[in-house]
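All figures in this text were calculated on a predicted structure; none of them were measured in a lab.
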Amino acid sequence: MSIGAVCGLLAGRAVAWAVNRLAFDIDGLYPVFTFAVVLLVLEGTTAIGGSGFLAVYVAGVTLAGRPHVHMRSLARFHDAIAWLMQIAMFVVLGLLVYPTRLIDVAGRGLLVAAVLVLVARPIAVAAGLVWFRRPWRELAFVSWVGLRGATPIVLATFPVAAGVGVGEELFDLVFFVVLTSVLVQGSTIGAAARRLGLLADGTAPPRRATFDTVLTGDEGPALVEFTIRPDSPLVGSTLLGAGLPPGVLVVLLRRGGRSFMPQGTTMIEAGDELLIAAERAISSQLDALLSA
């Protein structure tokens with residue numbers, strides 16, 4: 001895992017550096033390049049004895065945190081590929097399961113699922129998030145939603161592939177626990193949110209999206225879009241009176257399906273979408289102001 005983490009960190013930084021300096025004539029080659037890097041990092045790290053899965057994950061997180069060209073288009077491409085791979089993985093995993101064998105592990109599976117949901121996962125969530133001083137309602141919701149899906153099932157295939165004696169039984173047990181978690185917890189997320197008082201008020205959440213029109217991958221200005229919430233203190237003020245920091249320029253305002261170039265006297269209304277050119281150094285300051 002240490003080898004995988006280091007390889008992923010180095011690969012993520014190298015890809016960000018390379019993407020900002022490559023000059024492909026066709027924009028569609030950038031996703032091809034990054035997808036090829038995924039395969040290279042996965043197999044290359046595995047070949048030297050590291051965790052290829054962890055290396056790819058760390059490389060992706062590192063790349064996402066470093067400015068580079070085509071950020072939004074690359075994110076959309078890899079998000080689509082990830083969904084496609086998840087669907088394909090579930091189909092393949094479904095072919096490995098014998099429903100009759102799930103009945104044999106149902107009793108133990110329900111017991112394991114109960115311990116996981118009621119004991120293990122809440123302890124893990126509390127240990128991981130208590131340092132961030134989040135409200136107990138949020139901790140309870142996170143522990144109820146939990147982490148579930150194909151990853152535990154994929155890991156359970158390792159003992160099967162290795163020929164471990166109880167490998168198939170372990171695979172069936174993990175599959176049953178994941179299936180139970182998805183059916184029980186997945187179908188009650190809305191009810192849990194209502195019970196804990198965490199449902200949104202129906203208003204549009206603040207949105208911040210980086211545009212593909214960034215010309216360079218350096219630390220210079222970037223175009224971002226913000227959506228003004230109805231409870232924002234900026235509603236009712238003018239652009240001049242909004243207190244925007246230096247280095248910020250509101251380029252475009254979209255309101256009610258119509259876009260126009262705002263003036264200093266333009267009033268800010270709830271639901272306005274602002275296209276802003278801003279220096280990256282004041283990104284956090286701008287976030288705090290427009291998402292207040």
Side-chain angles (χ1 to χ4, degrees), residues 1-24 29-86 88-89 92-93 120-121 123-132 134 142 145-164 167 170-171 174 178 208 210 212 214 216-220 222 280-281 283-284 287:
M1 292 180 69
S2 300
I3 296 175
V6 172
C7 290
L9 180 63
L10 296 177
R13 292 185 175 183
V15 172
W17 179 88
V19 167
N20 287 331
R21 286 158 179 79
L22 292 174
F24 292 133
L29 291 178
Y30 287 94
V32 175
F33 170 73
T34 53
F35 186 72
V37 170
V38 169
L39 301 180
L40 180 63
V41 172
L42 175 66
E43 296 301 331
T45 306
T46 303
I48 62 176
S51 172
F53 292 108
L54 182 61
V56 171
Y57 176 79
V58 173
V61 173
T62 303
L63 179 61
R66 301 181 72 85
H68 56 275
V69 296
H70 302 291
M71 291 182 66
R72 199 176 184 187
S73 60
L74 288 176
R76 287 198 300 262
F77 170 80
H78 286 282
D79 187 49
I81 291 295
W83 277 105
L84 178 62
M85 294 298 102
Q86 289 185 72
M89 186 165 53
V92 173
L93 292 174
R121 190 176 290 154
I123 292 177
V125 169
L129 297 183
V130 68
W131 314 103
F132 298 96
R134 306 304 304 173
V142 172
V145 174
L147 294 175
R148 59 188 179 278
T151 302
I153 304 176
V154 171
L155 296 179
T157 62
F158 289 3
V160 178
V164 178
L170 179 62
F171 176 82
V174 171
V178 171
R208 184 185 192 277
T210 303
D212 291 335
V214 179
T216 62
D218 56 17
E219 296 297 325
R280 297 181 188 275
S283 176
S284 58
D287 282 341

Side-chain donor-acceptor distances from residues 32-55 under 3.5 Å, at least two apart:
from: Thr34; atom 1: OG1; to: Tyr30; atom 2: O; distance (Å): 3.2
from: Thr34; atom 1: OG1; to: Pro31; atom 2: O; distance (Å): 3.0
from: Thr34; atom 1: OG1; to: His78; atom 2: NE2; distance (Å): 2.8
from: Thr45; atom 1: OG1; to: Val41; atom 2: O; distance (Å): 2.7
from: Thr46; atom 1: OG1; to: Leu42; atom 2: O; distance (Å): 2.7
from: Ser51; atom 1: OG; to: Leu54; atom 2: N; distance (Å): 3.3

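- Considering CG of Leu63 and CH2 of Trp17, their distance stands at 14.5 Å, rounded to 0.5 Å.
- For the atom pair CG of Asn20 and NE2 of His70, the computed distance is 9.5 Å after rounding to the nearest 0.5 Å.
- In this structure, Val160 and Gly167 approach most closely via the heavy-atom pair CG2-O, 3.3 Å.
- Under the salt bridge (Lys or Arg N to Asp or Glu O under 4.0 Å) criterion, Arg134 pairs with Glu138, sequence neighbours left out.
- Among residues two or more places apart in sequence or in another chain, the side-chain contact (heavy atoms from CB on, under 4.5 Å) test is passed with Val164 by Pro159, Ala162, Val166.
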Give the C-alpha distance, both sets of side-chain angles, the deciding distance and a yes or no for side chain to side chain contact (heavy atoms under 4.5 Å, CB included) between Leu155 and Val174. CA-CA 9 Å; Leu155 296 179; Val174 171; over 6 Å; no

